[in-house]
Amino acid sequence: MMQVAEIVVDVPTMQTNRPWTYLIPKSLINILVPGMRVVVPFGNSNRQIQGFVVTVHESTETAQLKPVISVIELNPVLTPELIQLGNELANRNFVFMVSMYQAMLPNVMRAKYSKQLRLNQPDALKQPEVQAMFADRDLVDFNAGDVDMALLPALKAYQQQGVLDVVYQVDNRAKVKLVRMITPLLSTNEYDQLRHALRATAKKQARLLTYLMKLGSNPQSTTQFEKQAGVTANDIKVAAQKGWVEIEEVEAYRIPKLVEPIKQTTPLTLNSEQQDAYDQIVAAVNGQTNHVFLLEGVTGSGKTEIYLQVIAQVLSQNRTALMLVPEITLTPQMVHRVKGRFGSMVAVMHSGLSDGERYDEWRRVKRHEAQVVIGARSAVFAPLDNIGIIIVDEEHESSYKQEENPRYHARDVAILRAKYHNAVVVLGSATPSLESRARAQRNRYTLLRLTHRALANPLPTSEVVDMRDVIKQGGDDIFSDQLLKKIGDRIDRNEQSVLMLNRRGYANFLMCRQCGFVPMCPNCDLAMTVHQDTKRLECHICGANQPIPNECPMCGSDRIRPYGTGTQKVEEQLQIRFPNARIIRMDVDTTRKKGATDRLLTQFGQKKADILVGTQMIAKGLDFPDVTLVGILNADTTLNLPDFRASERTFQLITQVSGRAGRADKKGEVVIQTYNPQHYAIALAKQQDYERFFSKEMQIRHTWRYAPYYYSVQIKISHQFENQVAKAAYQLVEWLRNKIADDTIIFGPAPTTVRRMKNRYYYQILIKFKHDTGLEKALTELMADAQNLSKDGIQLAIDREPVSLI
DNA sequence: AGCACGCCGACT
DNA sequence: GTCGGCGTGCTC
């Protein structure tokens, strides 16, 4: 009998996507436990790679097992829960286990590998070129790039003779920050005596002793000590040598800085609707019953306050809380709100943190020093134990789905984790996803509705302006008279306006007015987008860019200029009409720099501007009391996208932006400009009637057999040549047809909306199904085949429940 | 992925 | 005859 470990190795391929059995050497018995990162030999050259221990057990296996080389850290990084969750998600989403584990951990835990050549017998080295390589050292980094390929045979021969060794290295980038702390060892009296005994010339030592007397027995970091005592590192070293103080290295956290200090907040009184929702959630929390609530509440109905009070309740039971918000709403204001209630119990996890900060926040959670985690998508994997509540705010947001491998949906993961912990999930939204709302309809989730705003101020009144009439009457295609008049009123009354330009699927491109030429990306079938800040044309798919030409490359005319409406143009036109208005523009160009978004919003909040013009990014989370007008300049560009969720997205967007108007005692107004005023998504968004939108949209989904009535899987397939993809895609569909259930529907293959991206042609296949084990099996098989296909240059991606079909 | 093995074409 | 090109297959 011997101790063995099942280990998932860091080789993301289908053939290696399973645990491998390793021998646990004597020295690691009782040390090695599941969830640990280890270094193991792998392959016939025994290169060293990172692995994750998934189980430890006894075995009588006679096969020759290789031993684990070492453990990377003494504490496991994955809990049994996360190991199991990783496997489940890997299976479900057609990704590799190891990719899933890595996605659960801070970036720094992704191993970096290096390879070196070690010289054992310098005397045996005869070839001059190889001698030169080793010149005066016996360890050389071996990167294919900087070692002369011609030397390869010689190096190999030396290796076989034992003159050289190939050394593989797994670099652990998870580094703990250390701070040198200085601890006084003597009493104030003793320091005083020492100081009197000093020679008159020992000025620095005297200063050091005086400061030590002041410090008492408190330890202090050496950097702070040096600064405050006015001494150097060497003075401290001398003091330590004399036994006056002790210096030791202590772990420190890199804590993300906040711009403003946290103000402590206290719970607000809940209104009866809030109280009712709170009571139901807390009853489930107290009963430790795994249950999902859908909290449907209009903007301003006080969902966040309910979240905070439920979290407080969970914490009082010594359990922990996880709160997910979309990256875009994870603003300093939001962090302040949560930290203001729970202080240092909170860990924040979002993309703005440095690798070191993120690692440290992760460790604080892991060590139970933080009991509340607030974060964006990937925070759903926070290493919390004993979770009592998981909140998914703005649950309809598509950014909860990770659209690259490893694909996962944070909302689904939240529900899985809650099941494990017997915890409660609260999905919150003013405009729930059809999927979630439908589950509430069938009582899988409990629907909780908040129909009033918490501060009893009325919802804004909305007006839909038919832009077709405006154009017919010779009006402007950006601003209707109705909107302009209302903006003017606001300026007169010293109130603020927010104008949103819906730019999704609608970019600003260049067109020659003479010949109609539009500059296209050389690598993608897509018009290039104009960026005025950099004065360049840029492709939004591959990033290719070039200067804006002064004349048309086709016909030489100088009448080549931007087409369509950009935020810049809106700003210009607005300034012409209201010369004295102060305007802030927020779009990708003005918010590119780090912190720019916060700065602009703060300015607007301090009423340093009358009008805020922006794209989708202004739709969420803004809360300014003096905004009494919201204008949506082109409500319907999202409506025309070839995606079954186009109506849902449009409805959500309009509803959200409308919610920005009139939050305090002032009543708000919303102007929705559109070419489709009769469209139900627009008409119902005007009325803020989510429930009617839901039933109407459900009928349409039913008719067309889309989610939530059907599950879906999208297969995207690409190749450098169009005829090759097409052929492979048709073959794939033929192959699939024999394996699927009768009521499963295959759409396509069809070229994607943008046929060519990054010089590759794309086809997509959409599969709609109810319940189909044959399909599931076929897709897993397909994942294995993908590797063979890639030899022919074909790339393939399987996406369960795609959030975008474009 | 990354490495070794092995089977064919261009050379001393 | 051999060297080395890359296709094929395996990794506890």
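Residue numbers start from 1 in every chain, and the chains themselves are labelled A, B, ... in the order their sequence lines are given, proteins ahead of strands.
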When the distance from OH of A:Y168 to C1' of C:dT11 is rounded to whole Å, what number comes out?
-> 13 Å
Mind calculating the distance between CG (A:D10) and P (C:dT11) to the nearest angstrom?
-> 18 Å
Could you tell me whether A:E6 contacts a base, only the sugar-phosphate backbone, or nothing, with contacts defined as non-hydrogen atoms closer than 4.0 Å?
-> nothing
CZ of A:R417 to NZ of A:K419, rounded to nearest 0.5 Å, is 14.5 Å
What are the 5'-most and 3'-most nucleotides of DNA chain B lying under 4.0 Å from any heavy atom of chain A?
-> B:dA1 to B:dA4
Across the strands shown, which category fits A:Y113 at heavy-atom distances under 4.0 angstrom: base, sugar-phosphate, nothing?
-> nothing
Assert yes or no for the condition that the ring centre distance of A:Y710 to A:F644 is strictly below 6.0 Å.
-> no
Over all atoms of both residues, closest heavy-atom pair of A:P41 and A:Y22 = O-OH, 2.6 Å
Rounding to 0.5 Å, atoms CG (A:L779) and CD1 (A:I715) come to a distance of 5.5 Å
Mutual orientation of the aromatic rings belonging to A:H409 and A:Y400 [parallel < 30°, tilted 30-60°, perpendicular > 60°] | tilted
Scan A:T13 against the nucleic acid and name what it touches under 4.0 Å (heavy atoms): base, sugar-phosphate only, or nothing.
-> base
What is the distance from CZ of A:R18 to C1' of C:dC10, rounded to the nearest Å?
-> 10 Å
Going by an N to O cut-off under 4.0 Å, is there a salt bridge joining A:E435 and A:R411?
-> no
Contact class for A:Y22 (heavy atom, under 4.0 Å): base, sugar-phosphate, or nothing?
-> sugar-phosphate
